[in-house]
Amino acid sequence: MRQTFKKGERLHSKKFIENLFSEGQSFYLYPFKIFYLNSESRQNYPAQILISVSKRSFRKATERNKVKRLVRETYRMNKEKLYNRREESKGQLLIGLIYTAKTIMTYAEIERKIILILQRLIEQDEQAAG
RNA sequence: CAGCCAGGCCGUUCUAUCGCUAUUUAUUCCGGUGUUUGCCGGCAUGAAUAGAGGAAAGUCGGGACAACGCAGAGCGCCAUACUUCCUAACAGGAAGGUUCCGCAUGAUGCGGAAACAGCAAGUGCCGCAGAAAAUAACCGCCUAUGUCGUAGCUUUUGUUGAGGCAAGCCAGCCUUCGCUAAAGCUACGGCAGGCAAGGGUGAAAACGCAGGGUAAGAGCCUACGUCUUGCUGUGGUGACACAGCAAGGGGGUAAACCUUAUGGGUUGCAAGACCAAAUAUCCCGGCGAUUAAGGGCUGCUCGUCCGAUGCCGGUGGGUAGGUUGCUGGAAUUGCACAGUGAUGUGCAAUCCAGAUAAAUGAUAGAAGCCUGAUAAUUAUCAGGAACAGAAUCCCGCUUACAGGCCUGGCUGACUC
RNA sequence: GGUCCAGUAGCUCAGUUGGAUAGAGCAACAGCCUUCUAAGCUGUCGGUCCCAGGUUCGAGUCCUGGCUGGAUCA
């Protein structure tokens with residue numbers, strides 16, 4: 001599977017974002033707070049993701065960009081298992097990742113955390129299905 | 001060669017793998033349309049090309065562009081403030097003037113700073129201290145002038161109060177005498193008045209200093225100095241400089257109100273235009289219904305336009321997708337010419353980000369750079385790489401910044 | 001992205017037209033009262049007036065630049 005990250009894989013609809021934060025479930029896995037919601041309307045990709053870094057944590061735009069790029073890159077490299085799991089289901093999974101740490105973590109650290117998060121999302125999905 | 005100051009410039013590069021955005025192009029599939037090989041739109045995949053800054057930042061000036069009706073007048077408000085020039089414009093820049101500061105010096109030179117129009121148009125303010133903080137007068141100085149009082153002196157008038165001369169009486173005469181009145185002079189004091197030299201304060205004290213002058217004094221007068229305004233001459237486009245003449249008399253504060261001159265209509269790409277979607281002319285309160293309420297993005301007034309299925313406020317509901325504006329421009333690079341310079345002109349070449357929960361990246365390695373250590377002029381090891389991310393565009397300013405390069409000046413050391 | 005506003009004691013706020021020890025309430029601390037606590041009374045402490053520069057004799061106040069926080073516009 002290709003490790004792409006197109007625009008269709010990014011969550012950008014204002015309506016869906018409001019639904020995600022008002023109706024979605026959430027859990028916390030340092031340094032991220034994760035929101036997720038199984039939407040019924042299926043589009044081209046099995047999941048859409050939103051990455052948020054607060055202006056309170058990082059005042060400078062360069063630092064926020066740096067963190068978002070690292071998170072996006074690790075998600076792109078490791079999303080394959082989640083996609084495989086969601087392949088059969090009709091709905092679309094909306095994911096919101098909020099970075100809450102005050103310092104910039106390294107690529108390896110973020111990658112480890114993202115893998116854990118994706119595993120947990122898969123488990124949650126299996127529970128919902130079963 | 002090193003250090004300091006000023007100005008200008010640059011502000012990492014390459015390879016591999018995996019990605020993102022835009023444009024062009026090819027193919028498959030889907031949708032719409034059409035009588036076929038067509039046209040339009042979308043998803044995916046492949047290829048090519050391009051893809052953050054000197055400040056992209058702060059949003060402090062100024063414009064382009066757009067809307068406000070095709071915006072008109074007055075007041076208000078705001079901004080600017082030595083001169084000339086540059087620029088589309090500016091609170092920007094260049095060159096110069098003036099004042100102040102620093103360094104060196106025999107004149108003078110070099111460098112830096114300046115919200116640099118007007119308190120000498122009016123008004124206001126200047127705590128405490130101090131006599132006084134602005135048409136002065138508390139202490140003090142003066143008594144020229146006016147007036148009153150006291151004392152003394154002189155002159156004159158009157159008086160027999162005292163004394164004397166003379167004498168029989170009436171009268172008379174005399175005085176370093178007294179008294180009375182007037183005038184004058186002198187001294188002292190009071191009042192009116194004159195003066196601002198001196199007075200320990202204060203951030204600041206009513207031009208400085210010398211002589212004259214006066215009752216005492218004072219720019220009151222004069223010379224010199226300093227300053228302001230006006231005029232003339234010379235030089236300069238001009239600010240201004242130099243010289244002369246005349247008048248003047250001066251506390252500070254305009255980043256106090258203000259005056260003078262000049263400029264500014266207001267709001268901003270979330271401006272604005274178009275397409276699609278969505279519904280509720282629900283309900284409550286207020287105003288008005290033709291002499292009109294109210295509104296039209298301007299602080300007020302006037303003017304002007306719209307205005308009856310009307311307007312304003314509240315509550316509640318729906319939609320919040322896309323296209324355009326949007327990047328070819330006061331553009332970039334090179335050369336030549338003009339100008340002290342900012343800058344301008346001409347020619348040639350080039351097209352150089354357009355994202356939208358917001359792309360321009362991640363990982364690994366190498367090169368070069370900086371710092372430290374070890375051996376000694378080159379290697380090895382370890383660490384580091386600043387400030388910072390386009391959002392309509394442009395010109396400036398300001399602020400942040402590792403390291404490096406160039407030019408000029410000054411200082412020091414060494415060599416010749 | 002545009003526009004606008006604010007910053008004073010630990011907290012919430014005053015502070016006039018520049019003028020000298022920057023005030024008030026709550027809080028904190030100490031004492032009185034009470035068997036003790038609360039309440040009450042008395043007193044004390046506590047300030048880089050967001051930062052830097054300028055104007056002025058003098059700046060919380062005026063001007064310029066910066067920092068931080070907030071509001072608002074489809």
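By convention in this document, chain letters (A, B, ...) are assigned in the order of the sequence lines, proteins followed by strands, and residues within each chain are numbered from 1. All values reported here derive from a predicted model rather than from experimental measurement.
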*RNA chain B: A/L50 or A/F5, which has the more 5' nearest nucleotide?*
A/F5
*Does A/I49 or A/E9 map to a spot on RNA chain B nearer the 5' end, using the closest nucleotide for each?*
A/E9
When you compare [N] with [M], how far apart are their [atom1] atoms, in angstrom units rounded to a whole number?
N	M	atom1	value
B/rA366	B/rC60	C1'	47 Å
B/rA89	B/rA64	C1'	10 Å
B/rA6	C/rG60	C1'	40 Å
B/rC297	B/rG265	C1'	13 Å
C/rC67	B/rG96	C1'	40 Å
B/rC269	B/rA355	C1'	16 Å
B/rC119	B/rA256	C1'	11 Å
B/rC306	B/rU260	P	42 Å

Rounded off to whole Å, could you give me the [atom1]-to-[atom2] distance for the [X] and [N] pair?
X	N	atom1	atom2	answer
A/K79	B/rC18	NZ	P	15 Å
A/K55	C/rG70	NZ	C1'	13 Å
A/I95	B/rA357	CD1	C1'	15 Å
A/K7	B/rA22	NZ	C1'	12 Å
A/E111	B/rG19	CD	C1'	14 Å
A/I98	B/rA357	CD1	P	17 Å
A/K60	C/rC67	NZ	C1'	13 Å

*State whether a side-chain donor-acceptor pair under 3.5 Å links A/Q124 with A/Y36.*
yes
With both distances kept under 3.5 Å, what pairs with [N], Watson-Crick or G-U wobble?
N	answer
B/rA289	none
B/rA47	B/rU24
B/rA338	B/rU343
B/rG412	B/rC1
B/rU333	B/rA348
C/rU16	none
B/rA366	B/rU13
B/rG361	B/rC18

Please table the atom pairs, donor to acceptor, closer than 3.5 Å between any side-chain atom in residues 57-72 of chain A and protein atoms at least two apart or in another chain.
unit_1 : atom_1 : unit_2 : atom_2 : d
A/R64  : NH1    : A/F58  : O      : 3.0
A/R64  : NH1    : A/R59  : O      : 3.2

_Once side chain to side chain contact (heavy atoms under 4.5 Å, CB included) is applied, do any residues pair with A/I17, and if so which ones, sequence neighbours excluded?_
A/L11, A/F21, A/L50
_Whether A/F5 and A/Y75 hold their rings parallel, tilted or perpendicular, with breakpoints at 30° and 60°_ = perpendicular
*Is there a side-chain contact between A/I95 and A/I117 (heavy atoms, below 4.5 Å)?*
no
*Below 4.5 Å, heavy atoms only, C-beta onward: do A/Y99 and A/I51 meet side chain to side chain?*
no
_Between A/R112 and A/E109, does any side-chain N to carboxylate O distance fall below 4.0 Å?_
no
Syn or anti: how is [N] classified when any glycosidic angle within 90° of 0 counts as syn?
N	answer
C/rG10	anti
B/rU145	anti
B/rC224	anti
B/rA52	syn
C/rU56	syn

*How would you list, by chain and number, every residue that makes a salt bridge (Lys or Arg N to Asp or Glu O under 4.0 Å) with A/E9, sequence neighbours excluded?*
A/K79
_Nearest to side-chain heavy atoms of A/Q3, which nucleotide of B/rC18, B/rU363, B/rU356_ = B/rC18
*Which nucleotide in the list B/rA357, B/rG389, C/rG69 gets nearest to the side chain of A/R59?*
C/rG69
*Only one of A/R85, A/R86, A/Q127 clears side-chain contact (heavy atoms from CB on, under 4.5 Å) with A/I122; which?*
A/R85
_In this structure, would A/L116 and A/I110 fall into the same cluster of hydrophobic residues linked by side-chain contacts under 4.5 Å?_
yes
*Using a cut-off of strictly less than 4.0 Å between a heavy atom of the residue and any atom of RNA chain B, enumerate the qualifying residues of residues 61-78 of chain A by number.*
A/A61, A/T62, A/N65, A/K66, A/K68, A/R69, A/L70, A/R72, A/E73, A/R76
*Would you check if the side chain of A/Q92 reaches a backbone N or O of A/Y45 as a donor-acceptor pair within less than 3.5 Å?*
yes
Do any side-chain atoms of residues 27-34 of chain A form donor-acceptor pairs under 3.5 angstrom with protein atoms, and if so which ones, sequence neighbours left out?
unit_1 : atom_1 : unit_2 : atom_2 : d
A/Y28  : OH     : A/T100 : OG1    : 3.0

Interface polar pairs with nucleotides 43-47 of chain B, N/O, under 3.5 angstrom:
unit_1 : atom_1 : unit_2 : atom_2 : d
B/rA44 : OP1    : A/Y45  : OH     : 3.4
B/rG46 : OP1    : A/R2   : NH1    : 3.3

*May I ask you to verify if any side-chain N or O of A/R10 is less than 4.0 angstrom from the OP1 or OP2 atom of B/rU356?*
yes
